[in-house]
Amino acid sequence: QVQLVESGGDLVQAGGSLRLSCVVSGSTYPVGVMGWYRQGPGNQRELVAAIWRGGLTDYADSVKGRFTISRDNAKNTVYLQMNTLQPEDTAVYYCKARIFRQDYWGQGTQVTVSS
């Protein structure tokens, strides 16, 4: 019943920007920590950024200074602003939400950065 709907993935040139969005619906309980993960071809899924309800954030070293995660608790929505994109950022980006000790995942959205 809980659903995570992602949007914003696209093809972009190196140096460009994208903004990803993820909306959580159908939750009976408050949404806890939310985050973005990514997985490139042949690679393991890795944490990109996470954000707690109070605004505390955590970023992978590879995206610090370029990406910004934010959330709107009233709308159960998390965002990822991605600037100065590089070809190494090419991956499927997945949204995750913690709800009452359970993790829920979105279907993923493709981000492709051309060199």
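These numbers were taken from a predicted model, which means no experiment stands behind them. Along the sequence shown, residues are numbered consecutively beginning with 1.
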What distance separates [X] [atom1] from [Y] [atom2], expressed to the nearest 0.5 Å?
| X | Y | atom1 | atom2 | answer |
| --- | --- | --- | --- | --- |
| Leu47 | Asp58 | CG | CG | 6.0 Å |
| Ser27 | Tyr104 | OG | OH | 7.0 Å |
| Gln44 | Gln39 | CD | CD | 8.5 Å |
| Lys75 | Ser21 | NZ | OG | 11.5 Å |
| Gln81 | Arg66 | CD | CZ | 12.0 Å |

If you define the side chain from C-beta out and look only at heavy atoms, does anything of [X] sit under 4.5 Å from [Y]?
| X | Y | result |
| --- | --- | --- |
| Thr57 | Trp52 | no |
| Tyr79 | Ile69 | no |
| Gln102 | Ile99 | no |
| Asn76 | Arg71 | no |
| Asn83 | Leu18 | no |
| Phe67 | Leu80 | yes |
| Thr77 | Cys22 | no |

**Request:** Using the side-chain contact (heavy atoms from CB on, under 4.5 Å) rule, take Val23 and Gln3 through it: C-alpha gap first, then chi angles, then the decisive distance, then the call.
**Result:** CA-CA 8 Å; Val23 181; Gln3 296 183 56; over 6 Å; no
Could you report the tightest heavy-atom contact between [X] and [Y], atom names first, then the distance?
| X | Y | answer |
| --- | --- | --- |
| Ser17 | Thr84 | OG-N, 4.3 Å |
| Val33 | Ala50 | CG2-CB, 4.3 Å |
| Thr90 | Gln110 | CG2-NE2, 4.1 Å |
| Asn73 | Arg53 | ND2-O, 3.2 Å |
| Met82 | Leu20 | CE-CG, 3.7 Å |
| Gln107 | Glu6 | N-OE1, 3.1 Å |

**Asked** Just checking, Arg38 and Tyr94: is the charged tip under 6.0 Å from the six-membered ring centre and within 45° of the axis?
**Response**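 Ring-cation test returns no.
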**Asked** Is there a chain of hydrophobic side chains (I, L, V, M, F, W, Y, each step under 4.5 Å between heavy atoms) that links Val92 to Val5?
**Response**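 Not linked; separate clusters.
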**Message:** Do Val12 and Val63 sit in one hydrophobic cluster, given that two such residues count as connected whenever their side-chain heavy atoms are within less than 4.5 Å of each other, even indirectly?
**Reply:**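 Yes, Val12 connects to Val63 through the hydrophobic network.
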**Request:** Begin from the C-alpha positions of Tyr59 and Thr68 and carry the test side-chain contact (heavy atoms from CB on, under 4.5 Å) through to its verdict.
**Result:** CA-CA 9 Å; Tyr59 295 92; Thr68 302; 3.9 Å; yes
**Check: Trp105 ring centre within less than 6.0 Å of Tyr37 ring centre** =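 Yes, close enough.
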**Request:** For Ser62 and Ala60, indicate whether the former's side chain and the latter's backbone hold a donor-acceptor pair under 3.5 Å.
**Result:**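 No.
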